[in-house]
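Let me begin by presenting the structure, written as structure tokens, before commenting on it.
Everything numeric in this text was worked out from a predicted model, so none of it was measured. As a basis for the values below, the full set of heavy atoms in this structure was taken, side chains included, without hydrogen atoms, waters or symmetry mates. Letters A, B, ... mirror the listed sequences (proteins, then strands); counts begin at 1.
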Amino acid sequence: MLEGILTGLSTAFTPMNLLMVVVGCFAGTFIGMLPGLGPISAIALMIPITYGFDPASGMILMAGVYYGAIFGGSTSSILINAPGVAGTVATAFDGYPMAQQGHAGKALAIAAVCSFSGGTIGAILLLVAAPALAKVALSFQSSDYMALMVLGLTAVSAFTAPGQVLKALIATVIGLMISTVGTDPSAGVQRFTFGSLDLVDGVSFLLLAMATFALSEALMTVLKRDEVSEAAVRATAGDLGSMRVTREEVREIIPVIGRSSILGFFVGVLPGAGATIASFLAYGAERTIASATEKLKFGKGSIRGLAAPETANNAACTGSFVPLLTLGIPGSGTTAVMLGALISYGVQPGPRLFQNNPDVFWAVIISMYLGNVILLILNLPLIPYIARLLSLPRQILIPLILFFSLIGVYLVSFNTFDIHMMAGFALAAIILRLLDFPMAPLILGFILGDMIEDNLRRALTISDGSIAFLWERPLTAVIFGLTILTLLAPLVRIIRQRRGAMLSGEGG
Amino acid sequence: MTLSRDVVAALGFVAFSIAYGWQATGIDIFPGQEYEPFTPQTFPLALAVIGAILGLGQLAKSLRAPEADTAAWSRYDWPRVGLLLASMLVYGATFTWLGFLVSTMLFLTAGYLILGERRAVVVGAASVLVTVGFWAIMTKILGIYLAPGELFRGWLW
């Protein structure tokens, strides 16, 4: 492991890769700050730029963008109560009231320190957890992989859209269906190409990610007539107040950071859960254990209420790299996009990544840590200036986002048919979004589609066409059992609610 | 009776799954492969069945639940989004013919104008600077080929 860390350090500390972390953090902070554009869009926009890089530099840039985007989301949550990212919604609960009381600078500083600490503790846990899990994962068979991927898809559907599980599952199936377009990898026959040469290679992952995230998110802001609010202009032009945090405050948040980073990391490792759930859980947990007087402060500018979700969401972002790096299975929309990027660099994530590409594996882990340091020492002092970008006129910004999305995809394929296909997918994504179909399960389904089909084929071929492998191999059976539990959990909640409503109806 | 949007969406997805499954039965398989446990048709057919079941489930759910959000889609700024999507299609169609420089300047100008920017200097500067800057980085620094425009082939070179 020490050898691996040294390899990672020597890769991450080359001037080029250090530049990547810095550029990634800045670009991510800027994009994450724009309301409506989240980390998935930020990463997708970066992929075309990284095609010419070696895999380690590409992943380092994207890890920087990911952290930057989460941090940028916190900034807009705190300053204008408009979270750019779902993972920072809980940050606004106490961060925005603090900004209103004139402590915007302090809130930003606490957010940065907590993000840094959460990310750092997460990176240390990742350093220990990832190689251990990679060793265990080497004994996994096709059926286990298939079961794990199905569990990942189900969990993402169950967690990303509470109350809309069916819609999320439908979005997953749409993603899986799109993944079957093109040439079948095993037999070499064409599927769903309708005789078009442009579809023989299938739909590119970058095209789908750009169209369903960057393009559709930008167009949604036009559709909903989201204007740069007065509040944004005022908040960014005004004084942010002192960024100094007192010793008492530091003493108050240290235990919060400890608790929330561990909670966040483990929630992040679980497929589907991710930063959003981690931040809400940490906020809830902190409020539950707070004293009665402290509890009253929550929602009105409590430091603990700001520290908990900020720490947890960064720790969860780090945690979500565990299944990606060790199993090759992304647990969230963001890591799904990263998986697509890794595959396009010719790197196959999974337990063997650790052995075959130790430089990529360790450099990503080390650069996450570097990313946190850079966010703290470089981004924080520059926040007042970056925040001014929030008041950039929308009518200039949106066409530029559209242009960079389209040209990014075009520069990979040099085929103008892709531009038309993107417009089509963007329209479909807008309609699906308006109907409350979440997009993250769709992209995850699309990326896992090929792998699920491949592992299912192997498992079925090994077991001679029988589906008995689902219950004959204990590990597969356990994972499938978990999948069924994940699916049943929302049903149980509905039944409980109904019973509760009936009982209260009878009582009244 | 008017159908809620959720009902229409669920019906649409069921129909889509059936059409997808029907198309899947037409995927070529090699002679003798039909006896194998897994063919290129297997996964798509399974998806079609799962899709139809989920769609019917969603249909049943939305028929029972009253539509929560009655806000009309007409409130949204569809004309602008439609124009932006149309400008993307035109951009794709003219890219090879007009070349990167001209088509991109036109696309960006159209975008700024559609979104309500009326200051000629801003529109002109923002489209020309971005296009030429991007073109210079791509072709002169990174050495990436960008379509020069088939239409001008006879005139300019």
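Contact annotation for B:L89: both backbone and side-chain heavy atoms come within less than 4.5 Å of a heavy atom of chain A. Heavy atoms closer than 4.5 Å to chain A are found in both the backbone and the side chain of B:A24. Heavy-atom distances place no part of B:A86 under 4.5 Å from chain A, backbone and side chain included. Only the side chain of B:V122 has a heavy atom closer than 4.5 Å to any heavy atom of chain A. B:L84 touches chain A through its side chain: at least one heavy atom from C-beta onward sits under 4.5 Å away, while N, CA, C and O do not. For B:L113, no part sits under 4.5 Å from any heavy atom of chain A, backbone or side chain. When heavy atoms are compared at a cutoff of 4.5 Å, B:S87 does not approach chain A at all. Only the side chain of B:Q33 comes within contact range of chain A, with heavy atoms under 4.5 Å apart.
When the candidates A:I452, A:V173, A:D418 are compared by the number of heavy-atom contacts under 4.5 Å with chain B, A:V173 comes out ahead. Chosen from B:T104, B:D77, B:L115, the residue pairing most often with chain A at heavy-atom distances under 4.5 Å is B:D77. Annotation: maximal heavy-atom pairing with chain A below 4.5 Å, among B:V81, B:I50, B:T39, B:T96, occurs at B:V81. By number of non-hydrogen pairs under 4.5 angstrom with chain A, the leading residue of B:Y112, B:Y20, B:F13 is B:Y20. In terms of non-hydrogen atom pairs under 4.5 Å with chain B, the most contact-rich of A:T461, A:L402, A:L215 is A:L402. Here B:P44 is the residue among B:A126, B:G51, B:P44 with the most heavy-atom pairs under 4.5 Å with chain A.
In this structure, the ring of B:F134 has its center less than 6.0 angstrom from the ring center of B:F100.
The side-chain tip of A:R458 does not point at the ring of A:F469 from less than 6.0 angstrom away and within 45° of straight on.
The pair A:K224-A:E217 does not count as a salt bridge, with every side-chain nitrogen at least 4.0 angstrom from each carboxylate oxygen. Remark: A:R191 does not engage B:D28 in a salt bridge, criterion side-chain N to carboxylate O under 4.0 Å.
Taking CG from A:L448 and OH from A:Y145, the interatomic distance works out to 12.5 Å, rounded to the nearest 0.5 Å.
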